[in-house]
Every structure is written in structure tokens, then in C-alpha cells.
Amino acid sequence: MKSLSTLLVASVFSIGCIAQTVKLPKNALGRLELNVAALANDFMEGRGTGTAGEQKAAEYIVRDFSKYKLEPKGDSSWYQRFTFVPHGAAQIHHKGDTASLGMALVKEITGRNVIGFIDNKAATTLVIGAHYDHLGMGDENSLWTGPKAIHNGADDNASGVSVMLELAHWLSKRPKETRGHNYLFIGFSGEEKGLLGSNHFTKNPTIPLQNIAYMINMDMVGRLNKERSLAINGVGTSPSWMPVINGISVDSLVIVTSESGMGASDHTSFYLSDIPAVHFFTGQHEDYHKPSDDFEGKINVKGMASVTNYIQHVIVAMDDEVKPAFTKTKDASPSASDFKVTLGVMPDYLYSGKGLRIDGCKDGKPGAKAGLMKGDTIMKLGDFDIEDIYGYMEALGKFEKGQSTTMMVEREGKQIELKVTWE
Ligand SMILES: [Zn+2]
């Protein structure tokens, strides 16, 4: 992606204006590890929205919120409940001859956001959020084709919750006079079902929305790679972001930014409410939405500490921004459902070179059948040169089911040609 590589270069060569004086709280590493491991333990049963496992995870978060003396800021407790009708059930309802019959068969599910507040008597509030729900034993969003299994979601998103808890710890101990905003912490549920918890919060906020200065979302921050690439999505949502980001250098993190406020996580709900919002993300991987997204041997706890420290610097740099300006972003990415065909691949969102590098293929989909592999970079689809993910989306729109076409792919420095049949 052209624009991304320019930004990447800019941030790599910038000299940090903020000295690394913002330190992690003592023993942060131990707590980050303990919390991500606990939330990703089988005991939490994959934290499916509305399940007993979700309740256990919610209680775990409440325990830490209480310890750090946060104030409950849900609907009259720590919790903000919301209900929804599961996806499959909703379809029965719509297709049924009698709506009431459909409804009678459908059991509503109740999910809960967990919300804690630190009131610093400031004019505006910083929202720090991370979703704590995951796929339970596997649901319609699972990419696992094997027998039912607990989806622990260590990276997605026990990692983000663990970083949120550490930030709550740090902010609760920060000298009062240095605090620029009030702090609202939200563990969202229902994210995997379609940003349900964050959507519910922005429609039923427990503090006035107009008093929110900005929002920070952490979703999948547990797999910092060797290149140390940390993605920050949504930097176009306020003119304040890029100067702040260019002024920070922490632990040799390589920052890759993207503009759009529309993403596949909870910051989107805030962006859609005209609130500057960014999403921190350490990248896609093969275990995404599979039971193998585990803690053991897979989570980079030191990397999580670097991400936490980076966000601490952002919060300090934003202290004087009482109400940063909001800007709408250009949202070039059409949704997958706009296409008649799909390859069934996971793009590598941290890749900034030419072409579309892929991080994995969904079994049984045209990409996998054509022989695409993780790490391949798609350079050409039929007659269309693929510059970046947007070029790829545009090219996809030109094909119909039943057609076949060739695809030029770069694999380990060599160009190979694959034949794909759209279905
Ligand atoms: Zn997630």
C-alpha cells in the first residue's frame, strides 16, 4: 500500500520528541502474563457472548477494576447488559410465515459490557476499550472445521483485555494533577457477533457521548512479530493522531498506520459516533478464529508490554487535547459481501509492499484450492495488477461465479502462476 509505506518511513525516521520517561508500572510483565493466560484458560470456555464463560471472564475483569478502585459505570453496576437474537434464529424469524411463531422459537441472548470509571473531574473523558468475548466452543465465525473445541482467543482478545487492565492499573496510580481526562474502561462483549457491545454502548452511553475526548481500542495485541510491527488503525479520525505518533519512539516498535475509522473492531462504533478512535493491532495469523489461538508458546508477553508502554506515551502526549478534532475518513474498503466471488484468504494487514500478501487461506475456498499458501503475495489477478488490498478488492469485483482465471503469485522470491476457479 503506497500511502502506508510513506507513513511507515516517516515514523521510522522520526526522532522521538517524548523521551522515554513514561515507565511501565512495576511488575507489569508478570501481570500482563497472568491476565492473558487466565482469560485464555479453558476455564473461561472461550468466553462466548451470553455464556457462563463470558460471565466468569466478566467477573475476572471486575476483580481488577475493583482492585484499582474504579467506580462501576454500567447500568447501575459494573455491567451494561444488551440483548440480541442469534444470527441463525433471526433468519428463521424473517423467513417464517408468521413472525410471532418465529419469535416464539427464538431465545434472546444477553451479553454484558463491563465498565469502570476514574473520575478526575476533568471536562472530557478518554475511553479505553477491549472486547473480552470470543467464540466459545466455536460459532458461525469460527474458521475451524474440526470437531467442537474451546476457542480460547488468547490473542483475540485476552491480550487486549490484559493490556487494558494494565493501563487501568497505571492510570489509577498516576499523579492526579497530571491527568488530562477522566478515564472510562470498557470490556466489550458481543464483538465477535458484530460489534454488538460497543454499538449498544454508543447508543446507550453511561456518560454523555459529547464528553468523550477520544477512544483507544486494543484488539489482538499479543503477537508482536520479529519485525516489531505495530499497526495503528484509524489515524485519519483526528488531525491530532499523526503528530503524536510521529513524536513517540518506544522499544524499536515499527508503526504501520492506516487512516480509516471503519474497521473490524469496536473503535468503529465510536468512529461512527464522530469520536476520534484508534485501534492497536499486532497482526493476523494462522490461528485466527481457531481453537489454536492459545496462550502457551504463542503469546509474546514482552511485546504486549511494549504495546502497553507505547499506549502510555500516546495518553501522555494527548493530555492537553481536551477535545481533539474529529475528522471523517475515506473508507475505501467495501465489505466482503459486496462481491460475487471470494478467494477466502486472510490479508496480511501489516504488509506495506506491492501486491496482497496473505496470512492464511480458508480450507475449501477457491484460494486454497488454487494452491495459495500463507506468505504468498498476489501480484496479478487475471489482467489486473494488484497494487494493494484496495486494488485486490477492485479486481475481485470483476469476476463472476463459475469463471476461471490465472493468478500471478510471488512465493519466496519466485513468480508462480496459479489457476483459480471462482465458485
Ligand atoms: Zn477480536
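Checked against side-chain hydrogen bond (donor to acceptor under 3.5 Å, both in side chains), Arg81 has no partners two or more places apart in sequence or in another chain. In this structure Lys67 satisfies the salt bridge (charged side-chain N to carboxylate O under 4.0 Å, His left out) test together with Asp64, sequence neighbours excluded. In this structure Gln284 satisfies the side-chain hydrogen bond (donor to acceptor under 3.5 Å, both in side chains) test with no other residue, sequence neighbours excluded. Applying the ring-ring contact (aromatic ring centres under 6.0 Å, His included) criterion to Trp422, with sequence neighbours excluded, gives Phe399. For the side-chain hydrogen bond (donor to acceptor under 3.5 Å, both in side chains) test, no residue two or more places apart in sequence or in another chain qualifies with Thr206. Here Asn204 pairs with His200 under the side-chain hydrogen bond (donor to acceptor under 3.5 Å, both in side chains) rule; sequence neighbours left out. Shown here are the salt bridge (charged side-chain N to carboxylate O under 4.0 Å, His left out) partners of Asp75, two or more places apart in sequence or in another chain: there are none. Contacts of Glu33 classified as salt bridge (charged side-chain N to carboxylate O under 4.0 Å, His left out), with partners at least two apart in sequence or in another chain: none. Not counting sequence neighbours, the partners of Ser172 by the side chain to side chain contact (heavy atoms under 4.5 Å, CB included) test are Tyr68, Ile118. Every residue was checked against the salt bridge (charged side-chain N to carboxylate O under 4.0 Å, His left out) condition with Arg179, not counting sequence neighbours, and none meets it.
With hydrogens and angles disregarded, a donor-acceptor distance shorter than 3.5 Å links the side chain of Ser162 to the backbone of Leu32. Using modelled atom types, one side-chain atom of Arg228 and one backbone atom of Asp251 make a donor-acceptor pair closer than 3.5 Å. A donor-acceptor pair is defined here as one N or O able to donate and one able to accept, closer than 3.5 Å; no such pair exists between the side chain of Thr49 and the backbone of Gly111. At least one donor-acceptor pair under 3.5 Å links the side chain of Asn182 to the backbone N or O of Lys121. With Asn152 contributing its side chain and Gly46 its backbone, the two residues share no donor-acceptor pair below 3.5 Å. Distance alone, capped at 3.5 Å, is enough to place a donor-acceptor pair between the Thr327 side chain and the Ser238 backbone. Judged purely by atom type and a 3.5 angstrom limit, Asn113 has no side-chain atom pairing as donor or acceptor with the backbone of Tyr79. Put simply, the side chain of Asp388 gets close to the backbone of Gly391: a donor and an acceptor are under 3.5 Å apart. Distance alone, capped at 3.5 Å, is enough to place a donor-acceptor pair between the Ser273 side chain and the Ser269 backbone. Formation of a donor-acceptor pair under 3.5 Å by the Asn199 side chain with backbone atoms of Leu195 is not found in this model.
The structure places OG1 of Thr110 at 9.0 Å from CD of Glu54, a figure rounded to the nearest 0.5 Å. Taking CG of Leu253 as the start and OG of Ser229 as the end, the distance is 9.0 Å to the nearest 0.5 Å. For the atom pair Ser240 OG and Met318 CE, the distance stands at 5.0 Å (nearest 0.5 Å). Here Thr308 contributes atom OG1 and His169 contributes atom NE2; the two are 12.5 Å apart, rounded to the nearest 0.5 Å.
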Q: For the pair Tyr310 and Ile255, evaluate side-chain contact (heavy atoms from CB on, under 4.5 Å) and give the outcome as yes or no after the intermediate values.
A: CA-CA 10 Å; Tyr310 190 94; Ile255 303 300; 3.5 Å; yes

Q.
Walk me through whether Arg357 and Glu410 qualify under salt bridge (Lys or Arg N to Asp or Glu O under 4.0 Å).
A. CA-CA 9 Å; Arg357 190 159 83 185; Glu410 211 170 271; over 6 Å; no

Q | side-chain hydrogen bond (donor to acceptor under 3.5 Å, both in side chains) evaluation trace for Asp156 with His131 | A | CA-CA 8 Å; Asp156 188 8; His131 78 86; 3.0 Å; yes

Q: Using the side-chain contact (heavy atoms from CB on, under 4.5 Å) rule, take Met304 and Ile299 through it: C-alpha gap first, then chi angles, then the decisive distance, then the call.
A: CA-CA 8 Å; Met304 285 170 59; Ile299 291 293; 3.6 Å; yes

Q: Start with the C-alpha distance between Tyr271 and Phe326, add both sets of side-chain angles, then the distance that settles ring-ring contact (aromatic ring centres under 6.0 Å, His included), and finish with yes or no.
A: CA-CA 9 Å; Tyr271 166 69; Phe326 169 79; 5.6 Å; yes

**Q.** CA sep, side-chain torsions, deciding dist, call: Lys365, Asp363, salt bridge (Lys or Arg N to Asp or Glu O under 4.0 Å)
**A.** CA-CA 6 Å; Lys365 294 284 178 192; Asp363 289 342; over 6 Å; no

Q.
Go through it in stages, so that I can follow the logic: the residues are Ile216 and Ile315, the test is side-chain contact (heavy atoms from CB on, under 4.5 Å), and I'd like the CA-CA distance, side-chain angles, deciding distance and then a yes or no.
A. CA-CA 9 Å; Ile216 284 179; Ile315 293 172; 4.0 Å; yes

Q) Stepwise, does the side-chain contact (heavy atoms from CB on, under 4.5 Å) test hold for Thr377 with Val409? A) CA-CA 5 Å; Thr377 307; Val409 168; 6.0 Å; no

(Q) I'd like to know whether Arg112 forms a side-chain hydrogen bond (donor to acceptor under 3.5 Å, both in side chains) with Tyr132, so could you lay out the CA-CA distance, the side-chain angles of the two residues, the decisive distance to 0.1 Å, and finally the verdict. (A) CA-CA 10 Å; Arg112 47 186 94 64; Tyr132 73 95; 4.9 Å; no

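No side-chain donor from either of Asn211 and Thr125 sits under 3.5 Å from a side-chain acceptor of the other. Remark: the Ser189 side chain and the Asp133 side chain contain no N/O donor-acceptor pair separated by less than 3.5 Å. Counting only N and O atoms by type, the side chains of Asn35 and Tyr60 include a donor and acceptor under 3.5 Å apart. A side-chain donor-acceptor contact under 3.5 Å links Asn217 and Ser265. Residues Thr329 and Glu259 bring no donor and acceptor atom of their side chains to less than 3.5 Å of each other.
The stretch residues 281-308 participates, sequence neighbours left out, in these ring pair (Phe, Tyr, Trp, His ring centres under 6.0 Å) pairs: His134-His289, His279-Phe281. Here ring pair (Phe, Tyr, Trp, His ring centres under 6.0 Å) pairs that include residues 212-261, with residues two or more places apart or in two chains, are His181-Tyr214, Tyr214-Trp241.
The environment of Lys173 atom NZ is dense: over 12 non-hydrogen atoms of other residues, nucleotides or ligands sit within 6.0 angstrom. Heavy atoms of other residues, nucleotides or ligands lying less than 6.0 angstrom from CD of Glu71 number more than 12.
Contact of the Met137 side chain with the Glu45 side chain is not registered, since no non-hydrogen atoms from C-beta on lie closer than 4.5 Å. Put simply, the side chain of Tyr392 reaches to within 4.5 Å of the side chain of Leu396, judged on heavy atoms.
The side-chain tip of Lys56 points at the ring of Phe43 from less than 6.0 angstrom away and within 45° of straight on.
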